Amino acid sequence: MLVGATSHSPTGSRGFMERGFLLLVVLMFLEGTVFPLGAASSPDISAPDGAGGHERNDDHRGIDNYTFPKKAFPVLSLDYGHIQMPFEISLWVLLASLMKLGFHLIPRLSGIVPESCLLIVVGLLVGGLIKLAGEEVPPVLDSKLFFLCLLPPIILDAGYFLPIRPFMENIGTILMFAVIGTLWNAFFVGGLLFAVCQIEGTHLSQVELLPCLLFGSIISAVDPVAVLAVFEEIHINELLHILVFGESLLNDAVTVVLYHLFEEYSGAGEVTLMDAFLGVICFLIVSLGGVAVGAIYGILAAFTSRFTSHTRVIEPLFVFVYSYMAYLSAEMFHLSGIMALIACGAVTRPYVEANISHKSHTTIKYFLKMWSSVSETLIFIFLGVATVAGPHAWNWTFVSVTVILCLVSRVIGVVGLTFIINKFRIVKLTTKDQFIVAYGGLRGAIAFSLGYLLDKDHFPMRTMFLTAIITEIFFTVFVQGMTIKPLVDLLAVKKKQEAKRSINEEIHTQFLDHLLTGIEDICGHYGHHHWKDKLNRFNKKYIKKCLIAGERYKEPQLIAFYHKMEFKQAIELVESGGGVKMPAAMPLQVSMQNIQPKKQPPMAADRALPQFTKNREEEIRKILRSNLQKTRQRLRSYNRHTLVADPYEDGWSEYMLKKQRMIELEKKMTQMSNYLTVPAAPSDSPTMRRARLASGCDFKAENKGAKVSSDPNAFYTIKAPPGNVPTIQVELASPQSPDSVNLVDEFSKKGGSSQKNTDDRKEEQGRMMKPPSAGKGGKGEEEEEEEEGENKNPGLLRCLSDPGPSNEDEEDEPFLP
Amino acid sequence: MSSRTNRWRKTVSLEQINNLNKRFRQLSSNKETLSREDLASIPDLDNNPIRLQIINAFFDKRNLSQSEVGIVQEIGFEEFLMVLTHFQPAAMDITEDNREKLRRTKLRFLFNMHDTDGNGIITLEEYRQAVEELLSKAGTIAPETVKAIADAAMLDVASTTRGKMEPDEFYEGITFEHFLQILKTLDIETTMHVRFLNLDTANMRCGK
């Protein structure tokens with residue numbers, strides 16, 4: 001109903017907006033709309049081919065209308081069928097986003113109930129509304145839609161931002177849980193369910209063993225979407241997070257294999273030892289094949305990104321498209337698509353990040369987060385809707401046994417496996433950890449979609465399975481998802497420390513790595529530090545060279561980290577407004593002279609700095625800001641294929657380039673002003689007069705500039721000796737940071753640009769104020785000139801202090817690159 | 001045997017000590033003591049950027065006994081083991097107190113590696129040196145960059161440990177307490193360990 005109801009709204013708003021027209025053409029309009037309205041009021045929501053059918057009909061009608069122009073021509077017509085599909089998709093997405101938005105406006109609610117639960121409830125409500133309206137509930141959580149559209153963004157997001165270090169450090173434990181644990185769960189649940197079904201009186205004796213096992217394999221896999229949704233809110237420590245989350249990602253291969261095997265065999269009926277053996281082979285192929293496919297596409301993506309330096313705008317697309325291709329290719333061969341995506345994301349990231357620009361990187365980050373959160377929201381809403389949609393076959397025994405068995409098998413599996421794993425682990429898993437791992441085993445939409453995929457003819461108990469799966473999902477998401485947060489608090493499980501990595505930690509982490517490698521080498525023990533080191537060196541020597549453009553592949557990790565940090569600080573510096581007042585968040589309260597072994601006498605300007613008044617600080621900040629903004633706007637004109645250049649965009653190399661450009665710019669500027677002053681003009685022609693006017697102003701502006709800079713109290717004199725106001729902060733990080741130079745540079749450039757601004761403004765004014773007829777005498781002109789000269793003063797000041805870009809400034813810049 | 005080696009014994013089996021002993025003899029070519037050159041000749045260490053610091057750590061008196069400062073020329077097997085005790089993993093049932101102690105000993109070892117002159121403070125010069133060593137295998141890197149990184153790190157330490165400083169104050173260097181403070185997020189007690197289990201001496205490639 002919601003869909004149906006909203007579908008009418010565009011007509012209303014449109015009609016409202018064009019009421020004037022409507023009064024005139026209302027009769028014709030009515031005639032034109034009657035038929036399409038009829039078509040739209042019975043929206044064929046489910047089938048895309050139905051929509052296609054509409055479209056074809058509409059086309060025919062359109063042609064008919066066209067060929068008989070005598071018939072009332074509809075100026076405004078309603079044709080819902082034409083836009084039905086995309087419109088409804090947008091509606092769903094909008095609903096999902098609004099819901100997500102809404103939950104965060106109610107802080108208390110989102111503190112208690114996880115978002116996933118709320119979203120399911122919303123889904124239930126929407127489904128209920130649709131049902132109440134008497135419409136058929138659309139099968140929104142269609143398996144195809146789910147696996148091809150909704151799932152990949154979430155998994156790619158997870159894979160791309162996978163914390164590789166903890167993941168690799170715990171890979172053994174994760175694999176153990178993912179493979180053995182899932183197998184155990186599947187067989188335990190499936191087997192015992194079958195046993196229960198054989199008990200007289202449950203009316204389930206028609207259920208055979210293989211469907212039970214199939215059901216077990218569907219229900220046993222921990223779901224990454226659900227885990228992510230819940231674990232992101234409880235901020236658990238990294239180890240537990242990566243254990244549960246890693247398991248949920250890697251068990252996909254097991255689930256895929258078990259699913260296909262059991263589906264196949266339940267048709268055949270007989271399972272031999274050979275089949276079990278084939279299953280193992282199959283598992284290896286599915287998982288390793290998936291990883292291989294992902295890695296290949298990942299390397300391709302990295303290689304492609306090597307050459308994108310000239311078309312920065314499409315850079316992010318390569319990551320998305322290659323990853324999606326990896327997923328699809330893996331799915332095509334029934335390999336594990338999830339593992340392919342994870343592998344692709346993890347392989348691509350380090351190389352792509354080195355190649356692409358900072359902006360593209362941000363874009364990738366945002367797009368992935370946006371897509372994945374929208375997908376996640378939709379999945380949970382759809383789960384709710386699908387629950388309402390039914391059909392259901394509720395069997396108390398089956399459902400309750402399923403829920404209990406899932407819990408029991410999970411607990412036994414985790415406890416049993418940790419017992420074995422702890423023998424090999426250095427950091428043992430405590431009882432608390434085991435509890436969280438067991439309790440965090442949430443089930444989710446993947447299980448539902450797999451159940452949905454089952455063939456009705458082969459599995460007559462499909463509806464009962466689906467009902468049980470939904471109940472299990474609801475149980476885990478609602479009961480476990482809602483209680484896990486209080487339990488984590490209650491048990492005082494270690495939480496994640498939210499701290500950004502400092503450069504000291506980075507240095508010492510690397511130092512420790514080398515130290516441990518060295519100790520292993522001295523002991524003659526080839527442990528994993530040794531192999532990691534070997535791999536790192538191989539990576540640096542060969543792979544990075546191929547995949548990373550330019551010289552950056554040589555850049556060691558520490559330096560890359562340092563640059564990133566410096567870069568971030570520079571941005572903060574700009575955002576905080578010029579660096580006079582240091583934000584408390586920045587750890588730079590100490591200046592270089594505090595740590596320099598030889599104490600240097602502090603410069604006079606440094607001393608002078610704290611004496612600034614608030615007003616002056618404000619002024620300086622404004623100037624800096626406006627200048628930065630202006631350079632941003634000025635450097636390149638708009639182009640569909642490039643982004644407007646940002647001084648902080650592409651690392652320091654481009655930065656330096658830009659600086660060079662600015663110096664050239666300045667030179668040209670002085671040349672130009674020279675040129676403007678040169679022609680001595682006969683005063684009659686208007687153009688010449690304008691030129692003269694401009695030159696006059698120019699001259700005055702120069703004068704003014706000189707005067708101002710000679711004034712000892714003027715705020716930008718403090719700028720004049722390099723390395724004063726804006727440098728302080730950056731100088732701390734690195735004495736020769738280009739940033740400091742650049743600010744100064746820009747500042748000196750500012751003189752030029754403001755001059756030019758004045759030029760332009762004058763020119764504009766001249767054009768507007770003076771009629772082309774030189775009717776007035778020379779005296780009047782002079783008067784006006786004087787007036788302008790007076791105006792010029794505030795104008796110049798405004799140019800200096802006001803960021804507000806006047807449009808005419810940007811139009812004519814023939815000398816800009 | 002000192003108490004330290006006894007502690008070592010509790011967590012490491014006799015067999016492992018035997019394995020290490022074999023390795024020790026391999027490295028020292030069957031002599032009682034091990035010299036710098038013996039360690040320096042291990043080919044696997046060639047690519048390690050902090051090779052010299054690692055070797056120095058084995059001959060540093062501070063790692064062998066608590067009080068003394070200085071460098072010894074040769075170490076016996078017991079000293080060799082004592083250095084290696086710093087790389088023991090934490091036991092599972094460790095108490096909070098012991099964990100903190102372990103953390104301190106491990107960090108002290110790291111600290112001593114940086115504090116080359118043994119005066120209890122990592123000065124800017126020493127820190128720069130350490131960073132330079134760390135980057136020494138990474139190809140040609142401008143010395144300014146190295147300096148800048150060390151300076152930035154030092155500034156970070158100064159600002160996190162001292163807070164706001166007046167322009168004429170002077171931060172002389174990282175003390176051990178500050179060192180503990182800046183590395184508190186690094187789970188040193190769990191990360192700084194080497195698996196000595198399953199040492200396979202038969203396959204151990206000798207350094208000669």
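All values reported here derive from a predicted model rather than from experimental measurement. Here is the naming used below: chain letters follow the sequence lines, and residue numbers restart at 1 for every chain.
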- Tell me, yes or no, whether the heavy-atom count around A/E238 atom CD, taken from other residues, nucleotides or ligands under 6.0 Å, exceeds 12. no
- Message: With a 6.0 Å cut-off (strictly less than), is the heavy-atom count around CE of A/M168, excluding the residue itself, greater than 12?
- Response: no
- Intermediate values then yes/no, side chain to side chain contact (heavy atoms under 4.5 Å, CB included), A/F511 and B/V131: CA-CA 9 Å; A/F511 193 84; B/V131 174; over 6 Å; no
- Message: Can you classify the ring geometry of B/H114 versus A/H508 as parallel (below 30°), tilted (30 to 60°) or perpendicular (above 60°)?
- Response: perpendicular
- Note on the structure: Correct closest heavy-atom pair for B/I54 and A/H514 would be CD1-O, 3.8 Å
- Side-chain heavy-atom pair A/L515, B/M113 within 4.5 angstrom cut-off: yes
- Message: Given heavy-atom pairs under 4.5 angstrom as the criterion, report whether the side chain, backbone, both or neither of B/F24 touches chain A.
- Response: neither
- Okay, A/L516 and chain B: the region with an atom under 4.5 Å from a heavy atom over there is both
